[in-house]
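Owing to the predicted nature of the structure, the values given are computational and were not obtained by experimental measurement. Position 1 is the first residue of the sequence, and the numbers go up from there.
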Amino acid sequence: MAEGTVDSKLKSTTPTIKESRVLDILSTGNLKRLVLQFTPDSLEDLIKVIGHEAMSLANYNRFGMFSNIAVETTSICNRRCDYCPVSISDLYQSRPLKPMDDKTYHNVIDQLAAVNYQGTVALQHYGEPLLDPKLESRITYARKQLPNAFLVMNSNGDRLDPGRFVRLVKAGIDLIHVTNHNKNGELEPSLQALQAYLKGHPELRKHFKMRAGVSSYYNRGGLIEAQNPRKLTHCVDESYSANVDVEGNVILCANDYVGDHRYGNVNEKGIVSIWYGKEFKDLRSRKKRGHFDLDICKKCVGE
């Protein structure tokens, strides 16, 4: 495993689970949402930064650590939603369409384990995670290596029947977040069966959440025409999120579909060392303050 000195220092200063969980609740839980509800818009971004930084300091004894990481275990998707770059054939075919290889996946998880990572691990990027034939074993490995992390996956739910749901929960997933992308609002038969199953197994409901479509969109760095686009003046939450594509590249953000902006590869260098690299760190700092230097960022915020 390729790990630098930054990663080792982080591991040696990790606080107790009890201490870090208190900060997690303050930073990302219902209390944070309640605080933001009564916060003037002018102070909202500052409150978010304080929450992220408090959790980073408590968990890793330094500022600026990511609190969420998306790992693309497969780049293949069965949907072609018109608000996603996957719907554009040339863009979709321009990326490697395959599952992530075992070496790359294990490198990501092992590097996170080396610093006792306690944030969110989201097993997706632009691929549909349920199309990953190794998804259950990947979750099992992550659960074993990262006992204090929150494991989640975002899915279209087309392949999520009761049997698959139970296997994923047993493997160690904390939450499966499904978006119903059918514009008519109807659920796929698999999701109808799952909802019926959960009525008889209420103890499993905590592992499942569903939303009815998407109400606002990013334009994905100008790649798509977004209806009701999201407007940003500061890029805060995304600046605390790491993103690893199917080939192990640490890319700019979740909107960097093509991976034009890469800052290192987990097969060559530790992800925490990549994260704290000067160029990447300085760029995130400016984005948090509302300064957007890259063309992809300017297009994303509508400048």
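Heavy-atom neighbours of E203 CD from other residues, nucleotides or ligands within 6.0 Å: above the threshold of 12.
Distance CG/N156 to SG/C77: 5.5 Å, rounded to 0.5 Å. Of the inter-residue distances, the one linking I296 atom CD1 with K299 atom NZ reads 8.5 Å to the nearest 0.5 angstrom. The CD atom of Q111 sits 5.5 Å away from the CG atom of N107 when rounded to the nearest 0.5 Å. In this structure, SG in C300 is found 4.0 Å from CG in N255, a value given to the nearest 0.5 Å. Distance check, rounded to the nearest 0.5 Å: CG of D245 to OG of S75 gives 8.5 Å. Once rounded to the nearest 0.5 Å, the distance linking CG of L283 with SG of C297 reads 6.0 Å.
Closest non-hydrogen pair, A254 versus Y126, comes out as O-OH, 2.7 Å. Y60 and Q118 make their closest contact through OH-N, 2.9 Å (heavy atoms, listed as atom of the first residue, atom of the second, distance). G259 and R262 get closest at one heavy-atom pair: O-NE, 2.9 Å. Here the shortest heavy-atom pairing between R143 and N148 reads NH2-N, 4.4 Å. Residues R289 and H234 share a closest heavy-atom pair of C-CD2, 3.3 Å. Smallest separation of non-hydrogen atoms from D237 and S241: O-OG, 3.2 Å.
A donor-acceptor contact closer than 3.5 angstrom is absent between the side chains of N78 and E128. With hydrogens and angles left out, the side-chain atoms of D110 and Q145 include a donor and acceptor closer than 3.5 Å. Donor-acceptor pairing under 3.5 Å is lacking for the side chains of D256 and N243. N154 and H177 form a side-chain donor-acceptor contact under 3.5 Å, judged by distance and modelled atom types alone. Counted by atom type alone, N267 and T104 present one or more donor-acceptor pairs between their side chains at under 3.5 Å. Using modelled atom types and a 3.5 Å distance limit, the side chains of E188 and N182 yield a donor-acceptor pair.
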For a quick test of your reading: what N or O donor-acceptor pairs under 3.5 Å do the side chains of residues 133-140 make, sequence neighbours left out?
from	atom 1	to	atom 2	distance (Å)
K134	NZ	D102	OD1	3.2
K134	NZ	D102	OD2	2.9
E136	OE1	R164	NH2	3.4
E136	OE2	R164	NE	2.5
S137	OG	K134	O	2.9
R138	NE	D132	OD2	2.6
R138	NH1	M100	O	3.4
R138	NH2	M100	O	2.7
T140	OG1	E136	O	3.1

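For the pair V246/T74, no side-chain contact is recorded, criterion being any heavy-atom separation below 4.5 Å from C-beta on. Looking at L191 and M210, their side chains come closer than 4.5 Å, going by heavy atoms from C-beta outward. Contact annotation: the side chain of V244 never approaches that of N249 to less than 4.5 Å [non-hydrogen atoms, C-beta and beyond]. Using a 4.5 Å heavy-atom threshold, the side chains of H261 and I251 count as separate.
Salt-bridge formation is not detected for the pair D293/K287: no Lys NZ or Arg NE/NH1/NH2 atom is positioned less than 4.0 Å from an Asp or Glu carboxylate oxygen. For the pair K98 and E247, the salt-bridge criterion is met [side-chain N within less than 4.0 Å of a carboxylate O]. Remark: R95 engages E72 in a salt bridge, criterion side-chain N to carboxylate O under 4.0 Å. Between E268 and K103 there is no salt bridge, since no side-chain N of the basic residue sits under 4.0 Å from a carboxylate O of the acidic one.
In this structure, Y197 and F165 have perpendicular ring planes: the angle between them is above 60°, well past the 30° mark. In this structure, F280 and Y263 have parallel ring planes: the angle between them is below the 30° cut-off, well short of the 60° mark. Under the 30°/60° scheme for interplanar angles, the aromatic rings of H52 and Y240 are found to lie parallel.
Remark: of the listed residues D158, D161, L168, L168 is the sole one forming a side chain to side chain contact (heavy atoms under 4.5 Å, CB included) with L130. For the side chain to side chain contact (heavy atoms under 4.5 Å, CB included) test with D174, the passing option among V169, L151, V152, T120 is L151; the others fail.
Take L223 and apply the side chain to side chain contact (heavy atoms under 4.5 Å, CB included) test, not counting sequence neighbours, and it matches P85, L91, R220, Y257, V258. Under the ring pair (Phe, Tyr, Trp, His ring centres under 6.0 Å) criterion, Y141 pairs with H106, not counting sequence neighbours.
Taking the ring centre of F66 as origin, the terminal cationic atom of R284 falls outside the region bounded by 6.0 Å and 45° from the ring axis.
With W275 contributing its side chain and K281 its backbone, the two residues share no donor-acceptor pair below 3.5 Å. A donor-acceptor pair under 3.5 Å is formed between the side chain of S190 and the backbone N or O of G157. Of the possible donor and acceptor atoms, one in the side chain of Y117 sits under 3.5 Å from a partner among the backbone N and O of S67. Between the side chain of Q124 and the backbone N or O of S155 there is no donor-acceptor pair closer than 3.5 Å.
In this structure, the ring of F208 has its center no less than 6.0 angstrom from the ring center of H201.
When the side chains of ILVMFWY residues are joined at heavy-atom separations under 4.5 Å, either directly or via intervening members, I76 and I88 end up in a single hydrophobic cluster. Hydrophobic clustering, with ILVMFWY side chains joined whenever heavy atoms are under 4.5 angstrom apart, keeps L232 apart from V236.
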